[in-house]
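Both counts, for ligands and for their atoms, begin at 1 and track the order of listing. As the structure is a computational prediction, the values presented were derived from the model and not from experiment. Excluded from the calculations below are hydrogen atoms, water molecules and symmetry mates; all remaining heavy atoms, backbone and side chain alike, are included.
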Amino acid sequence: MKEGKVLDAYNIARERYAELDVDTDAAIKQMDDVIISMHCWQADDVGGFEKPDSVLGGGGIQVTGNYPGKAGNISEVRQDIEKAMALLPGKQRLNLHAFYGEFGDTFVDRDQIEIRHFAGWIDWAKNMKTGLDFNPTCFSHPRADDGFTLSSKNEGNRNFWIEHVKRCRVIAAAMGKELNTPCINNIWIPDGSKDISVDRFTNRALLKESLDEIFKVDYPAKHLKDSVESKLFGIGSESMVVGSYDFYLPYALKNNLLICLDNGHFHPTEQTGDKISACLQFFDELMLHVTRGVRWDSDHVVILNDEILQIAQEVVRANAIKRVHVGLDFFDASINRLGAYVIGTRAAQQAFLISLLEPINKLRSFENQGQYFERLALLEIMKTMPFGAVWDYYCMIGNVPAGTDYIIEIQNYESEVLSRR
Ligand code: RNT
Ligand code: ZN
């Protein structure tokens, strides 16, 4: 897009928003605090790089599609993430899963992982001037094949996963320390049951016991923050999920952890955005997994839909950008994966920028005076305000492609890099 055109459109947009007492420059400035944590696992369809290759399984998640160009090793993951970051305005972090360690050609089981396996990632992050977040990988492993990990009745398996998660906390704390920005270690386990189960109590008691053991060690909050991610159901755990919202919400609260709200993990008519102002009354900080479920927790690429918009609006309206950590969580193997990253991250960023451009004082005053027609009218009017011009300008000043220009960049990357893999 021509810079002059972007600027002309922005100047008009700035005036239009100013008529509603919205300062577009201030909104853009606030985007500095919106740092999206990009998940590494879109690059290779949640495959990881263990030797021998782990097979995605153990319950709960599934990837479909076989679009060419998938990252086949860690350098390719880095190359793709770097390219994605170069096409995104603002700053991002990287969210790593434990099975993306650099294990070389040897087999390093999950209960054996060490900081040194992630030293390369820490160096990479230093060079990229970005923070890292982390996740234990409690799936795609023979010890998760029966669908249970931290809540398993098999003591050997349970201890194996406890050890894995403990080590992940050590690694995450090292990442936070080295990079001078707290690393969020988010625990999600697939544990659950396909069919009616009759001993949920024991599984949940075991999960509590395992977590108590894992969290015995304290790390400075400036290095490590722990979060736990709940789920309603998954493929293979349709009838019961051990780590449900009712389980983790009180657990996180009692133990000073963050709760991770994944918007694919609730009943489809439940609104994740609505949970934010509730949780913020009790938690200092929250973690989000932003995704798009299509009929089920399908982890489609995030787009700018009502759900994402409501989540961002609720964070901004609660003045909580610095208290809510936004991570992405989708994996689509049926389209250009770099394109998936850029679409999804931009959509999340756009949701925040739109929210920052809301005439919130005016809306609140309508609401406080019971002027509900006026409130609804203004909300509708905001939908057709020239947001795109502000977004393009934000891209332009961030030296990244505005308008449709990123499509061509990704097509070029596909023909020069991805198609040769
Ligand atoms: C699964 C959870 C979890 C995973 C990642 C790969 O339902 O959303 O966050 O997607 O750990
Ligand atoms: Zn998730």
Side-chain angles (χ1 to χ4, degrees), residues 36-50 54-64 71 77 94-101 110 132-141 144 147-150 161 164-165 168 172 183-192 194 226-238 240-245 247-248 252 257-268 270 272 275 286-302 307-308 311 324-333 337 340-341 344 348:
I36 311 279
S37 192
M38 292 171 67
H39 54 315
C40 69
W41 53 92
Q42 164 66 64
D44 74 325
D45 315 336
V46 209
F49 295 104
E50 290 172 316
S54 41
V55 180
L56 184 63
I61 52 178
Q62 200 168 69
V63 181
T64 49
V77 173
L94 179 67
N95 196 2
L96 273 181
H97 235 290
F99 66 166
Y100 288 77
R110 306 268 172 92
L132 290 177
D133 295 308
F134 203 54
N135 304 261
T137 310
C138 300
F139 51 84
S140 303
H141 189 281
F148 291 92
T149 63
L150 292 178
W161 291 111
H164 173 61
V165 180
C168 286
C183 174
I184 298 182
N185 185 52
N186 176 59
I187 301 177
W188 173 75
I189 56 166
D191 300 33
K194 178 187 172 85
D226 294 287
S227 76
V228 282
E229 179 180 1
S230 67
K231 189 157 175 160
L232 177 64
F233 77 94
I235 292 183
S237 59
E238 289 84 353
M240 187 273 291
V241 164
V242 183
S244 56
Y245 193 48
F247 178 91
Y248 278 131
L257 313 175
L258 279 66
I259 181 87
C260 173
L261 306 174
D262 179 315
N263 61 297
H265 291 190
F266 296 95
H267 188 279
E270 248 179 299
T272 304
K275 298 177 187 299
L286 309 175
M287 172 78 194
L288 300 179
H289 267 189
V290 175
T291 189
R292 175 166 55 114
V294 176
R295 305 196 186 280
W296 63 287
D297 179 33
S298 59
D299 291 292
H300 278 65
V301 179
V302 167
E307 198 170 310
I308 302 310
I311 290 171
V324 181
H325 306 275
V326 185
L328 300 174
D329 186 10
F330 53 80
F331 24 99
D332 189 337
R337 294 170 185 78
Y341 270 130

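- For the atom pair CG (Asp329) and CG (Asn95), the distance works out to 8.5 Å, reported to the nearest 0.5 Å.
- The nearest non-hydrogen atom to atom 7 (O) of ligand 1, considering only Gln42, Glu229, Lys231, comes from Lys231.
- Put simply, the side chain of Asp191 gets close to the backbone of Thr149: a donor and an acceptor are under 3.5 Å apart.
- Note on the Zn ion (ligand 2): protein N/O/S atoms under 2.8 Å are Glu229 OE2, Asp262 OD2, His289 ND1, Asp329 OD2.
- Taking 4.0 Å as the cut-off, Asn135 does not count as a neighbour of ligand 1 on heavy-atom distance.
- Lys231 NZ to Ser244 OG: the interatomic distance, rounded to the nearest 0.5 Å, is 13.0 Å.
- In this structure, Phe331 CZ and Asp299 CG are separated by 3.5 Å, a value rounded to the nearest 0.5 Å.
- Of the candidates Phe139, Phe134, Trp41, Phe49, Phe99 forms a ring-ring contact (aromatic ring centres under 6.0 Å, His included) with just one, namely Phe139.
- Under the side chain to side chain contact (heavy atoms under 4.5 Å, CB included) criterion, Ala43 pairs with Ala71, Val77, Tyr341, sequence neighbours left out.
- Expressed to the nearest 0.5 Å, how far CG of Leu328 lies from SG of Cys40 amounts to 12.0 Å.
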Practice prompt. Please test Ser298 against His300 for side chain to side chain donor-acceptor pair (under 3.5 Å), starting from the C-alpha separation and ending with a verdict.
Written response: CA-CA 6 Å; Ser298 59; His300 278 65; 2.6 Å; yes
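- Proximity of His265 to ligand 1 is established by a heavy-atom distance of less than 4.0 Å.
- With sequence neighbours excluded, the residues satisfying side chain to side chain contact (heavy atoms under 4.5 Å, CB included) with Ala340 are Gln42, Val301, Phe330, Ile335.
- The single protein non-hydrogen atom nearest to atom 1 (C) of ligand 1 is Ile61 CG2, 3.3 Å, given as residue, atom name and distance.
- Ligand 1 has a nitrogen or oxygen under 3.5 angstrom from a nitrogen or oxygen of His289.
- When only interatomic distances are considered, the shortest N/O to N/O separation between His97 and ligand 1 falls below 3.5 Å.
- In this structure Glu50 satisfies the salt bridge (charged side-chain N to carboxylate O under 4.0 Å, His left out) test together with Arg110, sequence neighbours excluded.
- Among the atoms of Asp299, none of the N or O lies under 3.5 angstrom from an N or O of ligand 1.
- The distance from the CD1 atom of Ile308 to the CZ atom of Arg292 is 9.0 Å, given to the nearest 0.5 Å.
- Only the side chain of Asp297 comes within 4.0 Å of ligand 1, judged by heavy-atom distances.
- Residue Phe331 approaches ligand 1 through these ligand atoms, each under 4.0 Å from one of its heavy atoms: 10 (O).
- When only interatomic distances are considered, the shortest N/O to N/O separation between Asp329 and ligand 1 falls below 3.5 Å.
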